[in-house]
Protein chains: 2
Amino acid sequence: MSVRMTRQREVVAAVLEAVDGFHSAQELYEMLLADGERIGLATVYRTLQLFAENNMVDVMRNADGEAIYRSCISAGEHHHHLMCRTCGKTIEIDGPTVEAWALQVGAQHGFTEIEHTIELYGTCTACQRG
Amino acid sequence: MSVRMTRQREVVAAVLEAVDGFHSAQELYEMLLADGERIGLATVYRTLQLFAENNMVDVMRNADGEAIYRSCISAGEHHHHLMCRTCGKTIEIDGPTVEAWALQVGAQHGFTEIEHTIELYGTCTACQRG
DNA sequence: CCTGAGTTTGACAATCATTCTCAATTCCGG
DNA sequence: CCGGAATTGAGAATGATTGTCAAACTCAGG
């Protein structure tokens with residue numbers, strides 16, 4: 001029942017801190033192996049899920065529907081992302097506007113416990129040249 | 001290069017029209033078989049992708065990252081969804097507010113060609129009882 | 001109503017992400 | 001330091017999706 005701190009969980013947290021942007025479980029697993037860590041793929045998956053449940057990481061899905069993770073910058077705070085479709089650069093954004101809009105639309109249709117996923121994609125300044 | 005009309009494409013379009021809500025390629029495939037249609041699973045996948053590219057169907061991803069499809073009610077129009085997390089009932093919504101917000105946020109960060117995905121989840125009136 | 005070139009199909013293999021299994025190992029409160 | 005609960009890991013299993021390629025089909029032209 002209680003959650004334990006293990007070497008594996010520490011190193012997963014560590015890579016997440018060390019790298020920028022979003023990465024899949026597979027990618028993170030490979031990075032760990034490259035760093036010489038001994039850890040199983042299943043453990044990486046389980047750990048990421050655990051972190052996600054505790055809002056310790058950001059989760060989103062790439063265009064292929066794969067889960068990608070990133071250490072949460074505004075830990076625990078709800079926010080969204082603006083990602084460059086060319087270089088993958090990601091900016092964290094928050095939007096009182098949309099939050100309010102989401103709640104309102106939900107309420108209008110009699111829905112409660114509204115949650116939402118909002119992701120923006122575009123081409124960043126750097127990638128517009130070239 | 002040219003797109004042909006085939007029996008298979010017709011029946012896929014037909015089930016999409018016949019059923020409500022979003023369904024995975026697998027589900028649609030099974031419905032077709034149940035209807036006595038002769039069609040291959042790969043064909044269902046290919047057909048759905050084709051339809052999606054032509055904006056003839058709505059695509060979204062469920063919580064597991066699987067692609068789910070629905071015949072496009074407001075054909076070709078850009079819109080979003082409000083889905084009941086219990087019964088899967090889905091309502092189509094549009095939001096000038098968020099559209100504008102998305103563009104503005106993108107521009108603020110120097111991003112162009114902004115696209116976005118927005119999905120709302122909640123509990124519908126019916127599912128709140130019980 | 002034929003025909004041929006180009007499309008599309010389907011059975012099945014192949015990928016690939018993710019989850020499951022379960023014995024062996026590791027944590028940690030007492 | 002101990003014991004039981006939590007966690008791990010190797011590999012199998014699952015399941016969605018895509019690739020392969022010969023056979024079947026469509027349709028514009030004759």
Side-chain angles (χ1 to χ4, degrees), chain A residues 1-16 19 21-54 56-70 83 88 117 119, chain B residues 1-16 19 21-54 56-70 83 88 117 119:
Chain A
M1 195 80 280
S2 61
V3 174
R4 293 181 184 167
M5 183 49 58
T6 65
R7 174 178 52 81
Q8 289 88 338
R9 287 179 182 169
E10 275 173 8
V11 297
V12 169
V15 258
L16 278 168
V19 299
F22 284 85
H23 299 275
S24 67
Q26 304 273 351
E27 285 172 350
L28 294 166
Y29 170 62
E30 279 161 24
M31 290 178 201
L32 287 168
L33 290 191
D35 286 353
E37 297 293 343
R38 286 176 296 99
I39 190 171
L41 177 57
T43 302
V44 174
Y45 272 98
R46 281 184 297 234
T47 302
L48 288 170
Q49 282 170 192
L50 178 69
F51 287 177
E53 283 163 15
N54 291 67
M56 295 166 64
V57 299
D58 257 354
V59 195
M60 68 180 273
R61 298 214 170 245
N62 66 17
D64 293 330
E66 296 165 21
I68 51 182
Y69 304 83
R70 189 181 67 165
M83 178 185 271
T117 66
E119 308 294 351
Chain B
M1 197 81 273
S2 62
V3 175
R4 293 183 183 166
M5 183 49 58
T6 65
R7 173 177 52 80
Q8 289 87 339
R9 287 178 181 169
E10 275 172 8
V11 297
V12 169
V15 259
L16 278 168
V19 299
F22 284 84
H23 299 275
S24 67
Q26 304 274 350
E27 285 171 351
L28 293 166
Y29 171 63
E30 279 160 24
M31 291 178 199
L32 287 168
L33 290 191
D35 286 353
E37 296 293 345
R38 287 176 296 98
I39 189 171
L41 177 56
T43 302
V44 174
Y45 272 97
R46 282 185 297 234
T47 302
L48 288 170
Q49 282 169 191
L50 178 69
F51 286 176
E53 282 163 16
N54 290 68
M56 295 167 65
V57 298
D58 257 353
V59 195
M60 67 181 275
R61 301 221 169 236
N62 66 17
D64 293 330
E66 295 164 22
I68 51 183
Y69 304 84
R70 188 181 68 165
M83 178 186 271
T117 66
E119 308 295 350

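The chains referred to below are lettered A, B, ... by the order of the sequence lines, with proteins before strands, and numbering in each begins at 1. What you see is a predicted model; the values in this text were computed from it and never measured.
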Can you check the [X] [atom1] to [N] [atom2] distance for me, whole Å?
{"X": "A/Leu33", "N": "D/dT8", "atom1": "CG", "atom2": "P", "result": "15 Å"}
{"X": "A/Arg38", "N": "D/dT8", "atom1": "CZ", "atom2": "P", "result": "13 Å"}
{"X": "A/Leu50", "N": "C/dC27", "atom1": "CG", "atom2": "C1'", "result": "15 Å"}
{"X": "A/Glu37", "N": "D/dT8", "atom1": "CD", "atom2": "P", "result": "13 Å"}
{"X": "A/Tyr29", "N": "C/dT18", "atom1": "OH", "atom2": "P", "result": "14 Å"}
{"X": "A/Glu10", "N": "C/dC27", "atom1": "CD", "atom2": "P", "result": "9 Å"}

Have a look at A/Val12 and tell me which of A/Val57, A/Leu50, A/Ile39 forms a side-chain contact (heavy atoms from CB on, under 4.5 Å) with it.
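Passing option: A/Ile39.
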Residues forming a ring pair (Phe, Tyr, Trp, His ring centres under 6.0 Å) with B/Phe51, sequence neighbours excluded
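For B/Phe51 there are no ring pair (Phe, Tyr, Trp, His ring centres under 6.0 Å) partners, ignoring immediate neighbours.
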Are the side chain of B/Asn62 and the backbone of B/Asp64 linked by a donor-acceptor contact shorter than 3.5 Å?
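At least one qualifying donor-acceptor pair exists.
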Reading nucleotides 11-20 of chain D from 5' to 3' and marking B where a protein heavy atom lies under 4.0 Å of the base, S where only the sugar-phosphate is that close, and - otherwise, the string is -----SBBBB
List the protein contact pattern of nucleotides 23-28 of chain D with one symbol per nucleotide (5' to 3'): B for base contact, S for sugar-phosphate-only contact, - for none; contact means a heavy-atom distance under 4.0 Å.
--BBS-
B/Arg9 side chain N/O closer than 4.0 Å to the phosphate oxygens (OP1, OP2) of C/dT8?
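Indeed, a polar side-chain atom of B/Arg9 lies that close.
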Suppose we screen for side chain to side chain contact (heavy atoms under 4.5 Å, CB included). Which residues come up paired with B/Arg46, at least two apart in sequence or across chains?
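If we apply the side chain to side chain contact (heavy atoms under 4.5 Å, CB included) test to B/Arg46, skipping adjacent residues, the hits are B/Ala42, B/Thr43.
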Would you please name every residue forming a side-chain hydrogen bond (donor to acceptor under 3.5 Å, both in side chains) with A/Glu27, sequence neighbours left out?
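side-chain hydrogen bond (donor to acceptor under 3.5 Å, both in side chains) check on A/Glu27 returns A/His23.
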Any residue meeting side-chain hydrogen bond (donor to acceptor under 3.5 Å, both in side chains) with A/Tyr29, in chain and number order, not counting sequence neighbours:
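Once residues adjacent in sequence are excluded, A/Tyr29 has no partner under the side-chain hydrogen bond (donor to acceptor under 3.5 Å, both in side chains) criterion.
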Closest heavy-atom contact between A/Val15 and A/Asp35?
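Looking at all heavy atoms of both residues, the shortest contact is CG1-OD2, 4.3 Å.
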For residues B/Val59 and B/Ala52, report the shortest heavy-atom separation together with the two atoms involved.
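That would be CG2-CB, 3.5 Å.
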